[in-house]
There are 2 protein chains.
Amino acid sequence: MERTLFMNFLAARGLKLTKERMAVLRQIFSIHGHFEPERLYLNIRSSGIKASRASVYRTLNLLVESGLVERISRSEKGNVYEHTYGHRHHDHMICTTCGEVIEFFSENLEEIQNVICTRYHFTGTSHTLEIRGQCRTCKKRKK
Amino acid sequence: MERTLFMNFLAARGLKLTKERMAVLRQIFSIHGHFEPERLYLNIRSSGIKASRASVYRTLNLLVESGLVERISRSEKGNVYEHTYGHRHHDHMICTTCGEVIEFFSENLEEIQNVICTRYHFTGTSHTLEIRGQCRTCKKRKK
DNA sequence: GGCCCAATTGAAACTTAATCTCAATTTCAG
DNA sequence: CTGAAATTGAGATTAAGTTTCAATTGGGCC
């Protein structure tokens, strides 16, 4: 699982397996869905493990490089991440009022992108689609 | 044109039409394509008009609110904007090898997104689709 | 196990984009 | 033209994220 993959990644780079790095990894994969670095840091803290903000950020970057975690957006108040290992690809809708993130997937959308790539002789390897607007709740509230 | 639209927007809000705001507007619409706030500020400066960074940022936000300008991404080094008025909406393909940016538009893609939004009771106001991969030239070269 | 050294850590300083403060200035309705 | 309200600029402030560097630690090697 992700633990082994991360260990292999570290080994391949001559990096060390520290308790701080393990704590970050464990915490990230225990979070269901999106998270911000600060929340990650606080979660780790409140779980009794001591790790500095610097280490949390450093490990986060390593995890992104390893492909286990992906940065999915930059909000007003910083980056948002999610772990990708064990997660099917999906896109996001983001409510600009409350910040809620809705995940969705559309086979149709994927297919059309392939068609477009072919038309432009482009070899697509990945994509990010972010739809911004208002979620049901915020839309109602505004009335 | 954009000038009139912006003036109407300001008037509707009881805001004033200042030379600084006009300078920002003029500069933005003279830039073909994407720009960053800092570049905008420097351009205005070097064109002889004096306007502070604060005013540039403040006006930029007003323009986004008015719908004349759109923030298209948040890069490592700040936000990237483009003016939308007089520009048809489009998405981007980015070659990860050479950095080339291909703009494209697909009515199909737009429609499917509307369908998805409806399904999730989400009121989409804008979106960003970025397809990463290799352009024709780089693909050929790699062989 | 124990040695050794490169990698890692934490605390605090730093960086950078963007926002805020507030006194002085400017706009514009009347 | 006048005055109230909005705006401006310079510099202070904020906050996310990175860097610095001395002290600590992991892990290959014997």
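Heavy atoms only: backbone and side chains are in, while hydrogens, waters and symmetry mates are out. Proteins come first, then strands; the chains are lettered A, B, ... in the order of their sequence lines, and each starts at number 1. Predicted model, so just to flag it, every value in this text is computed and none were measured.
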- Partners passing salt bridge (Lys or Arg N to Asp or Glu O under 4.0 Å) against B:Glu38 (at least two apart in sequence or in another chain): B:Arg53
- Item | N/O (side chain, B:Asn61) to phosphate O (OP1/OP2, C:dA18) under 4.0 Å | no
- Task: Specify the separation, in whole Å, of atom CZ of B:Arg21 and atom C1' of C:dT25.
- Result: 14 Å
- Message: Rounding to an integer number of Å, can you tell me how far A:Leu62 CG sits from D:dT18 C1'?
- Response: 14 Å
Pairwise N/O distances under 3.5 Å, protein to nucleotides 26-30 of chain C:
| residue | atom | partner | partner atom | Å |
| --- | --- | --- | --- | --- |
| C:dT27 | O2 | B:Lys16 | NZ | 2.5 |
| C:dC28 | OP1 | B:Leu17 | N | 3.1 |

- Query: Residues sharing A:Ile94's hydrophobic cluster, by side-chain heavy-atom contacts under 4.5 Å among ILVMFWY, directly or via others?
  - Reply: A:Val101
- Message: Using the salt bridge (Lys or Arg N to Asp or Glu O under 4.0 Å) criterion, which residues pair with B:Arg132? Sequence neighbours excluded.
- Response: B:Glu130
- Item | B:His89 side chain to B:Glu110 side chain, donor-acceptor N/O pair below 3.5 angstrom | yes
- Note on the structure: In whole angstroms, the gap separating C1' of D:dA10 from CD of B:Glu20 amounts to 14 Å
Please output the side-chain donor-acceptor pairs of residues 115-122 of chain A that fall under 3.5 Å, not counting sequence neighbours, one pair per line with the distance.
| residue | atom | partner | partner atom | Å |
| --- | --- | --- | --- | --- |
| A:Thr118 | OG1 | A:Asn114 | O | 2.8 |
| A:His121 | NE2 | B:Arg136 | NH2 | 3.4 |

- Item | A:Asn79 vs D:dG17: side-chain N/O to OP1/OP2 distance below 4.0 Å | yes
- DNA chain D-proximal residues of residues 41-53 of chain B, any heavy atom under 4.0 Å: B:Lys50, B:Ala51, B:Ser52
- Task: Under the side chain to side chain donor-acceptor pair (under 3.5 Å) rule, collect the residues that match up with A:His90, sequence neighbours excluded.
- Result: A:Glu82, A:His92, A:Glu103
- Let me know the distance between OH of B:Tyr57 and C1' of D:dA10, rounded to the nearest Å. 16 Å
- Message: Per the salt bridge (Lys or Arg N to Asp or Glu O under 4.0 Å) rule, what does the pair list look like for residues 3-29 of chain A, sequence neighbours excluded?
- Response: A:Arg13-A:Glu65
Just the table, please: protein N/O against nucleotides 20-22 of chain C N/O, every pair under 3.5 Å.
none

- Task: Measure the distance from CG on B:Leu40 to P on C:dA17 and round it to the nearest whole Å.
- Result: 14 Å
- Query: Rounded to the Å, how far apart are B:Met22 CE and D:dT7 C1'?
  - Reply: 14 Å
- Quick one: name the residues clustered hydrophobically with A:Ile72, using the 4.5 Å side-chain heavy-atom rule over I, L, V, M, F, W, Y, and just say none if it's on its own. A:Val80
- Message: Just to verify, what does B:Glu111 make a salt bridge (Lys or Arg N to Asp or Glu O under 4.0 Å) with, not counting sequence neighbours?
- Response: none
- In whole angstrom, give the distance that lies between atom CZ of A:Arg13 and atom P of C:dT8. 11 Å
- Item | Qualifying residues under side chain to side chain contact (heavy atoms under 4.5 Å, CB included), relative to A:His32, sequence neighbours excluded | none
- Specify the separation, in whole Å, of atom CZ of A:Arg39 and atom P of D:dA16. 15 Å
- Message: Given B:Phe6, which partner from the list B:Leu15, B:Val24, B:Leu63 fulfils the side-chain contact (heavy atoms from CB on, under 4.5 Å) test?
- Response: B:Leu63
